[in-house]
Amino acid sequence: MAAKQVTTTPFPDQKPGTSGLRKKVPVFRQPHYVENFVQAILDCIPEREGATLVIGGDGRFFNREVVQIAIKMAAANGLGRVLVGRDGLLSTPAASCVIRKHGAIGGIVLSASHNPGGPEGDFGIKYNGANGGPAPESVTGAIFARTKAIAAYRISDAPDLDLGTTGTHEIDGMSVEIIDPVADYAELMRALFDFEALEKLFASGFRMRFDALSAITGPYAKAILEDTLGAAPGTVVNGEPKPDFGGHHPDPNPVHAHELYDLMHGPDAPDFGAASDGDGDRNMIVAPGLFVTPSDSLAILAAHAHRAPGYAGGLSGVARSMPTSRAADRVAKKLGIEAFETPTGWKFFGNLLDAGRITLCGEESAGTGSNHVREKDGLWAVLLWLNILAATGQPAQDLVRAHWAEFGRDYYTRHDYEEIDSDAAKRLMDGLRAKVASLPGTTIGGMTVKEADDFRYVDPVDGSVTEAQGVRVTFAEDARIVYRLSGTGTAGATLRVYLERYESDPARLEQPVAEVLAPVVAVARDLAEIEAITGRAEPSVVT
């Protein structure tokens with residue numbers, strides 16, 4: 001077979017967001033749309049001739065078709081070898097693992113993460129670099145610039161490959177290896193965690209429920225939890241990846257994973273509950289009768305990570321995205337290690353991880369990870385929790401309460417206003433930015449503003465600057481509000497409002513979250529004039 005060059009014209013809307021290009025499936029199905037973006041990625045990979053590239057995705061609708069396109073384009077653009085997950089499947093953390101283990105130049109990862117799938121759902125393409133992490137802004141900027149100038153793309157006219165069987169093929173002199181999508185990842189998990197202790201934990205009668213939400217983590221969770229560690233059959237539910245996620249909205253939070261949430265708050269709750277998202281990089285942790293916020297989860301994992309073999313030497317530092325609560329900072333202070341606050345987007349942790357400045361990192365949006373890969377990793381977080389429970393012998397709910405007793409509690413919630421008018425969203429944020437300088441010292445709703453700014457990040461490793469990452473308002477009452485527009489949606493704009501308040505009084509560590517945060521919520525709505533500008537009296541989702 002031979003490569004051919006196809007004439008094309010640019011699409012104006014191919015600017016990557018915080019984690020690649022995400023649009024509705026019908027947008028990606030336009031003629032040349034996928035090919036243009038993939039060619040732009042390939043054009044921006046230096047020294048790609050003869051190199052190894054990883055390709056795979058979360059199995060959502062249109063995944064197989066794009067995998068075939070990407071393979072043929074890699075062959076036509078001089079790559080020497082492509083590693084593809086069987087059936088075109090690779091969870092996002094597994095893709096990072098494979099890139100790193102096999103010395104690949106990078107990977108094309110197909111996912112829209114926690115967004116819904118199906119013919120009218122969402123799809124996404126992103127490029128991960130040789131370190132296994134999402135491309136930095138310098139690279140995504142170059143990719144976007146290339147999409148605006150592209151005039152042709154190169155693709156092999158070879159027939160589609162059989163992706164369902166592991167083995168090696170050849171296209172135009174390029175080797176294509178169909179690999180077991182779980183094997184490399186499972187091997188890495190075994191190196192990090194005490195599998196013998198986890199086997200004993202399950203053998204003791206420990207019960208858990210893992211809801212894969214009919215998304216990519218199902219095969220990984222079943223292989224590790226049930227087949228290797230001996231968790232009871234049926235521990236993993238909704239474990240088969242489906243193109244439409246079985247109708248699930250694959251976002252692991254109490255709203256979309258309500259069956260798990262309700263089970264864990266019911267009379268026969270198992271000892272531990274967890275869920276993951278569409279591409280396997282997020283997690284939800286639920287103890288019996290107690291939802292663990294992602295912010296608290298990061299802090300608890302940081303405090304106890306040394307109990308797992310892979311982290312027995314301690315942590316070099318921790319990092320959190322700016323909207324994530326300050327709970328992890330308190331742990332870092334006690335441990336005497338560095339704590340970093342970064343913009344939202346996993347790529348911002350990459351430099352810190354590569355430089356050895358941090359070991360653990362996390363985001364309030366249910367993403368937690370470490371230096372084992374360069375992505376957040378849902379199942380990894382669950383296994384670290386299990387390792388800690390096995391090592392301490394404490395029930396999960398007791399572990400959380402002991403953490404609050406030692407460090408205090410950061411009451412936390414997030415309000416999402418989804419698919420609001422983009423112009424209205426911009427007006428709202430512009431209005432907030434105009435107020436920032438005058439806010440300190442003012443009193444709003446009985447709360448006094450201590451500090452306010454538009455978050456600006458200076459990377460401590462390479463000195464790069466990232467501006468306008470969200471408006472922060474901190475109050476003398478040890479409360480904080482953050483406003484930012486999400487970069488992960490596919491329609492309109494999503495305004496995210498993050499609200500937190502710290503409490504150290506032992507008598508007030510188990511108050512209703514809504515009650516503690518009610519004054520902060522009222523101030524947040526009034527200060528930003530949310531209803532007046534967006535027409536929304538209430539958020540779409542509260543987590």
Side-chain angles (χ1 to χ4, degrees), residues 17-20 22 56-58 90-100 107 109-115 124 126-129 131-136 185 188-189 192 210 212-213 215-217 220-221 250-253 257 274-285 292-302 305 310-311 315 317-325 328 340-354 358-385 414 486-488 543:
T18 54
S19 194
R22 293 182 184 174
D58 61 15
L90 276 175
S91 75
T92 292
S96 182
C97 169
V98 172
I99 291 168
R100 293 167 64 80
V109 183
L110 310 177
S111 175
S113 189
H114 56 295
N115 293 348
K126 71 173 180 175
Y127 174 64
N128 281 28
N131 73 342
Y185 178 85
L188 179 58
M189 294 302 105
L192 294 173
F210 184 98
L213 298 176
I216 190 63
T217 314
Y220 296 83
D251 190 352
N253 62 49
S276 191
D277 72 326
D279 67 333
D281 63 358
R282 301 183 184 218
N283 71 91
M284 179 172 97
I285 303 297
V292 185
T293 69
S295 296
D296 276 354
S297 181
L298 173 62
I300 292 166
L301 294 181
Y311 309 96
L315 309 179
V318 296
R320 61 171 176 82
S321 65
M322 181 271 287
T324 303
S325 92
F340 297 91
E341 184 178 37
T342 72
T344 295
W346 207 259
K347 58 192 173 187
F348 292 103
F349 294 135
N351 275 358
L352 296 169
L353 289 164
D354 289 345
I358 62 172
T359 308
L360 258 60
C361 45
E363 298 179 329
E364 54 70 39
S365 54
T368 325
S370 84
N371 58 356
H372 70 291
V373 291
R374 293 297 181 268
E375 288 278 6
K376 45 186 173 278
D377 189 346
L379 186 53
W380 166 89
V382 172
L383 290 169
L384 181 51
W385 263 95
R414 187 181 91 189
S486 170
T488 61
T543 53

Going by atom types only, do Ser96 and Asn128 share a side-chain donor-acceptor pair under 3.5 Å? no
Could you check whether Tyr311 and Ser370, counting side-chain N and O atoms only, form a donor-acceptor pair closer than 3.5 Å? yes
Heavy-atom closest pair (Ala274 atom, Val382 atom, distance to 0.1 Å) is CB-CG2, 3.6 Å
Would you say the side chain of Trp380 lies within less than 4.5 Å of the side chain of Thr368, judging by non-hydrogen atoms? yes
Would you list the atom pairs, donor with acceptor, under 3.5 Å between side chains in residues 342-353 and any protein atom, with sequence neighbours excluded?
residue	atom	partner	partner atom	Å
Asn351	ND2	Asp459	OD2	3.2
Asn351	ND2	Asp462	OD2	2.8

To the nearest 0.5 Å, atom CD1 of Ile285 lies from atom CG of Leu301 at 7.5 Å
Quick one: do His372 and Met189 satisfy side-chain contact (heavy atoms from CB on, under 4.5 Å)? Show the steps, please. CA-CA 9 Å; His372 70 291; Met189 294 302 105; 3.7 Å; yes
Residues two or more places apart in sequence or in another chain: which of them pass side chain to side chain donor-acceptor pair (under 3.5 Å) with Ser111? Asp58
Going by salt bridge (Lys or Arg N to Asp or Glu O under 4.0 Å), name the pairs with one or both residues in residues 363-372, residues two or more places apart or in two chains. Glu363-Lys376, Glu364-Arg414
Can you tell me how far CG of Asp377 sits from CG of Leu188, rounded to the nearest 0.5 angstrom? 8.0 Å
Taking side chain to side chain donor-acceptor pair (under 3.5 Å) as the definition, give me every residue that meets it alongside Ser321, ordered by chain and number, with sequence neighbours left out. Thr324
Can you see which heavy atom on Ala381 is nearest to which on Asn283, and at what distance? CB-ND2, 3.6 Å
Once side chain to side chain donor-acceptor pair (under 3.5 Å) is applied, do any residues pair with Ser91, and if so which ones, sequence neighbours excluded? none
Do Asn253 and Arg282 make a side-chain contact, defined as non-hydrogen atoms from C-beta onward lying under 4.5 Å apart? no
Ring pair (Phe, Tyr, Trp, His ring centres under 6.0 Å) against Tyr220, all qualifying residues, sequence neighbours excluded: Tyr185
Asp251 vs Asp277, test: side-chain contact (heavy atoms from CB on, under 4.5 Å). Steps then yes/no. CA-CA 5 Å; Asp251 190 352; Asp277 72 326; 5.5 Å; no
Is the closest side-chain heavy-atom distance between Asp281 and Ser113 below 4.5 Å? yes
Would you name the heavy atoms of Ser276 and Gly378 that are closest together and state the gap between them? OG-CA, 4.2 Å
Identify the heavy atoms of Ala319 and Ile358 that sit nearest to each other, and give their distance. CB-CD1, 3.8 Å
Which pair of heavy atoms, one from Gly129 and one from Ile99, lies closest together, and at what distance? O-CG2, 3.5 Å
Scanning both residues in full, the closest heavy-atom pair of Pro252 with Met284 reads O-CB, 3.4 Å
As a quick check of understanding, evaluate side-chain contact (heavy atoms from CB on, under 4.5 Å) for Val292 and Trp385, giving each step before the final call. CA-CA 12 Å; Val292 185; Trp385 263 95; 4.1 Å; yes
Find the distance between CD1 (Ile216) and CG (Leu379) and round it off to the nearest 0.5 Å. 12.0 Å
Report yes if the side chains of Val109 and Glu375 come closer than 4.5 Å at any heavy-atom pair, otherwise no. no
